[in-house]
Structures are given as structure tokens and as C-alpha cells.
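This report concerns only the one structure given below.
Naming convention: chains lettered A, B, ... in sequence-line order (proteins, then strands); numbering from 1 in each chain. This structure is a prediction, so every number in the text was calculated from the model and none was measured.
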Amino acid sequence: MIFDIPISSFIVMSVVIAILVFATFAAQFINSIWSNKDFTELNERIASWWWIIGLLFVALWAGRTASIVFFGFLSFLALKEFLSVVPTRSVDRNVVFWSYLAIPVQYLWIYQAWYGMFLIFIPVFVFLYMPIRMVIRGETSGFIKSAATIQWATMLTVFCLSHIAYLLNLPNDAENGGSIGLVLYLLLLTQFNDVCQFLWGKSFGKRKIIPKVSPNKTWEGFIGGMMTVVLSAALLAPFLTPLTFFEGLAAGVIISVAGFFGDVVISSIKRDLGIKDSGTLLPGHGGILDRMDSLIYTAPVFFHFLYYLKY
Amino acid sequence: MDRFLKIAFFGLIVKPVVLIILGLNLRNRQLLPYSGPAILAANHNSHMDTMVLMSLYPLSRIHKVRPVAAADYFLTSPLKSWFSKNVIGIIPLERKGEGDRQRLFDECESALKQGDILIIFPEGSRGEPEQMSDIKKGVFHLANGKVKATITPVVMRGLGRVLPKGEALLVPFNCDVIVGERLPDYETASEFTLGVRKVYEELFEQCLTSAE
């Protein structure tokens, strides 16, 4: 243990920070060489990464409770961003308010490690309650669309994302990085998948997968990204998780495919609304949903894969 | 003392609420006038409009930002009146007063003279459209009166969902705040009215949040 962090997790965190330091210096270098070009977006992106990584690592280091509060707050930011860009009726302000209240409750189940309730609270109780609240207001015009929108928003941003926090309840040996190791494994590979699909696509991309939704997504990017991520997932699995090398291969496939679909599902929402970004919270990235789109899909799918195999 | 109250209120309550509970999609912050005499001309949907605009300024500057607000609304009860004048620092405007324009502007002009930044909603109140045209021209006449002031247009969207007129429950939503380029000099008040409307429409194009 170093600073109360299991050694393998500590090493991974140090490597991430080292990469970030390297990226910062590289950006400085690029800025000074091509001083006539505008690298604002690159610089903003790296600065935002410092904030994201810094806050995440401090929360993880501060312990389970602090981390649960941190992920609960991320759910709040994501839900707020979702409901802000999507149309809702003015009579639904109350229902929207209740959907925010679902966040502390959902994360309380996680804090209590009440697995059954954590799983059914939003898909069953919130799902049944929201329309009841809407019925009491009595406005039927636009009812279906409103009920569906608010439930979907809550599922994506609260239910799905809260699986990251529940990973902290799963026992994981300190040699495997402890509970933090599971979270790092998921977050690292999900973001790495985004980067790899982007880089492979940029370098070799030709055949578009779904041009109507996302013209930058190509088969070359998808497959190249997946191979890189599968290999990394397998190598990293015994280091950070109870998974073996071969189980890690499967985890890599799952994260890569789910990450891809999370990305394009959120992209479709933005296309439908005619906006490019869902917010401006993270300069250089867009909103928080733009950064967490893949994670919305990878978190629950990876969680249940791991849970089924090991717990 | 008043300045201390204002800083405490904005630093401890308004800024945290606006930045954490609400969250802003703020564009072109650098176009905000840092010092007066200047006027921010914004659209008006909610009491939160004023709070959001003032929260864009650092605490060290916040005493220079003065919302121009309806006397017949904000000076009705002693508590509301004390709070509006001492904590927010409003400049009360007599809307019903149809008489002397000069007398109406006296306090605004002396504020501009000492380099203050006035927040004015050219639409008038949040919900009485009959007041609109009059006030609209008012901004033009004020900016071209005794003290020449620049006018910076700002549009906000989303605050009508956060806290609409007549509701007490504040519901968190992200809000767009789009600052525009300083307005050019218009010859007449009606040119100004048309111009502002056009600028507002352009700025609304940059909003991310839902219009519904």
C-alpha cells in the first residue's frame, strides 16, 4: 500500500498522471513550434483532463464514501445536462425534480451495499412512480413522450452510471488493486477505447459504419480500436481485477463494443436535437455527457460480466 | 457594510447556486464590459436572470453591477425593498411614471457617471407585454443621454424552466448565456428596437438547451 492505495492501483494511477504530464509538455512544445496556429482546443482538452483525473483520483484516494458522493454528483451533472437539452413540458417541472431526488436515494443503496434495491430501484420503483406523479398533474397532452424522456434520462445517467460506484462494494484483493482497481480498469479501458477507435479511424478509416449518425465512425477504427483494447484489457486484468488473462480478453470485447454503442446512442440524441455538444462544462470536450457517453454503456455491461463470473 | 452584504450574498449563495445547482453554457464571456459606463441589455424570463448576469462578474467588481428594476414590484414591502436596495443594489425605476423622462433617468445616469454597469431588460417585465415598447426605447435614450454608455446584448435561455414566474420550486437545469458584440450606434430608437431584436435572434442560434 502506498498512501493507503493498493500498489497495482497506485502504479496505474501514476502512469496515467505521467501520460498527462507528457501530454502537457508535448502540447507546450507543439504550441511553441507552430506558434501561428491555433491549438486552443487541444490545450483546453488537456486542461480539462487534468481536472477530470485530478478530481477522480482525489475522490478514489479519499475512500469509498467520498467516491460514492463523487459519482453521485457526476450523475447529477449528467442528468441535468440531459434534461436541459431535451424538451420537457413546463408541467413536468415537478417530475423532473423527483428524478433528481432519485440520485441520492440510488447512491444511498450503494452506500448500504443493498444489491437488490440498487438493481430494481430505478427500473421498477422510479419507473412506476414518475407517471403517477404526472397523472396527478393531469396534463395528458404529450404524456407518453414526457414519461419516456424522463425515465430514459434517469436510466442512462443515474442507473447506468451508478454501476461504477457499486464496483467499490465488490471485494477485490489488494494484490489486484483493491476495489479501486475495478473502477480504474473500467474507466481506463473505456476512455482508452474512445482514443483507440479515434486514432485507428483517423489513420486507416475508410468504410463508414453508420454515416447518418456519426460520419467519423469506421470499421477500421472500430476493429483496430477493439484489438488494441482487447489486448490491453487482457494484460491489465490480472493486475487490477480478479479476472484472468483470458477473461480479460472477453472484458475487452465487451468494453469495446458497449463503448462504441454508448457513443453513437448519445450522438443520435444530439443529432436529433440539432446540437453538436450537450454542454460546455468541459472545455475542449463539450459537456459531461459528451465525455461519459461510452461509459453509460460500458459501466453496467462490464459490471454484470464481472459479477456473473466472480461474485 | 452594504458592499460586504452584497459580496457575502453573491459569494456564498448566488454563485454556488448558479454554478453548481444550475450550470451555465456561457459563450463569449470576454465580451462582457468590465467597467462602465455600460449597459447589459438582456432578455427576461425569470428572477434568476439578474442573479445569473451578476454572478458572471468577480466578487471584487460586483458592487459596480446594478440591475435597473421596477419600483412598483421590488419596493412594495419593507423587507423586499431593503433587500433589493442594499443587498442586490438595484436602481428602482418608476414604470408607471409617464411624466418626465429626465427625472426617470436621474439615478441611472448618476450610476453610469460613476462607471457602473447597468443591467436592463428591454422587454420590460417578465409578463406585461404592454410595457415593452416604452422600456425598449428607454435603453436607447439612456445610452445616448447625458452620459454615453455602451450597450452589450445578452440572451439567456433555460431560466424560465428553472424558476418561472409565479413558481416557488427551483428545478435545476443548465442555462445558456450568450454574450454578443457591443451594439453599434443607432440613429433612432426604432432602428435600435429592430436591431436588438435581430441580434437577439442571432444569439439564440448559439443556445444548446431546449427552447420548450
Side-chain angles (χ1 to χ4, degrees), chain A residues 40 55 69-70 72-104 133 137 139 141-142 145-146 149-150 153 157-158 269-283 285-290, chain B residues 15-32 43-49 52-53 55-56 126-127 154-180 201-212:
Chain A
T40 315
L55 290 172
V69 171
F70 175 74
F73 188 65
L74 287 188
S75 275
F76 168 69
L77 294 176
L79 177 62
K80 176 160 63 76
E81 201 168 274
F82 194 107
L83 291 170
S84 301
V85 294
V86 143
T88 56
R89 306 176 302 171
S90 56
V91 287
D92 294 326
R93 288 178 77 253
N94 278 283
V95 190
V96 167
F97 192 77
W98 280 98
S99 73
Y100 286 119
L101 290 185
I103 298 170
R133 191 68 193 74
R137 285 302 286 251
E139 177 60 58
S141 156
K145 197 176 167 200
S146 239
T149 303
I150 297 171
T157 59
V158 187
I269 295 173
K270 290 185 287 188
R271 288 255 153 178
D272 189 10
L273 296 168
I275 51 178
K276 213 172 141 276
D277 293 332
S278 55
T280 55
L281 188 68
L282 304 170
H285 300 255
I288 195 154
L289 278 176
D290 299 309
Chain B
K15 283 199 175 215
V17 167
V18 168
L19 296 177
I20 296 167
I21 309 282
L22 302 189
L24 301 181
N25 296 323
L26 175 58
R27 298 206 192 250
N28 312 329
R29 180 183 214 147
Q30 74 283 1
L31 296 177
L32 279 176
N43 64 324
H44 202 13
N45 295 310
S46 164
H47 282 321
M48 289 301 291
D49 292 338
V52 166
L53 286 172
S55 74
L56 301 179
R126 293 167 299 161
V154 183
V155 303
M156 290 174 284
R157 182 185 276 170
L159 290 161
R161 283 163 114 190
V162 172
L163 191 71
K165 190 174 186 174
E167 295 270 349
L169 177 72
L170 186 143
V171 179
F173 285 102
N174 286 351
C175 303
D176 293 298
V177 180
I178 321 283
V179 186
E201 274 165 23
E202 284 164 13
L203 295 179
F204 272 123
E205 299 272 305
Q206 296 184 46
C207 288
L208 295 178
T209 63
S210 167
E212 288 170 58

### Query
Hey, which of A/V96, A/T88, A/L83 is the one that makes side chain to side chain contact (heavy atoms under 4.5 Å, CB included) with B/R161?
A/T88
### Closest approach of A/S84 to B/N174 (non-hydrogen atoms, all atoms of both residues)
OG-N, 2.6 Å
### Task
Check A/I275 against B/L208 and note the closest heavy-atom contact, atom names and distance.
CG2-O, 3.8 Å
### Query
B/N25 side chain to A/G279 main-chain N or O, any donor-acceptor pair under 3.5 Å?
no
### Query
Between B/R27 and A/T280, is there a donor-acceptor pair closer than 3.5 Å when you use the side chain of the first and the backbone of the second?
no
### Query
If you tally heavy-atom pairs under 4.5 Å against chain B, which of A/E81, A/K80, A/K276 wins?
A/K80
### Task
Sort B/R157 into side chain, backbone, both or neither according to what part of it lies under 4.5 angstrom from a heavy atom of chain A.
neither
### B/I20 portion near chain A, given a 4.5 angstrom heavy-atom threshold
both
### Query
Hey, mind stepping through B/S210 and A/V86 against side-chain contact (heavy atoms from CB on, under 4.5 Å) and telling me if it holds?
CA-CA 6 Å; B/S210 167; A/V86 143; 5.9 Å; no
### Query
What residue in B/L24, B/L22, B/V171, B/L26 has the most heavy-atom pairs under 4.5 Å with chain A?
B/V171
### Summary
Distance col, row A/Y100:OH vs B/F173:CZ, nearest 0.5 angstrom, shows 5.5 Å
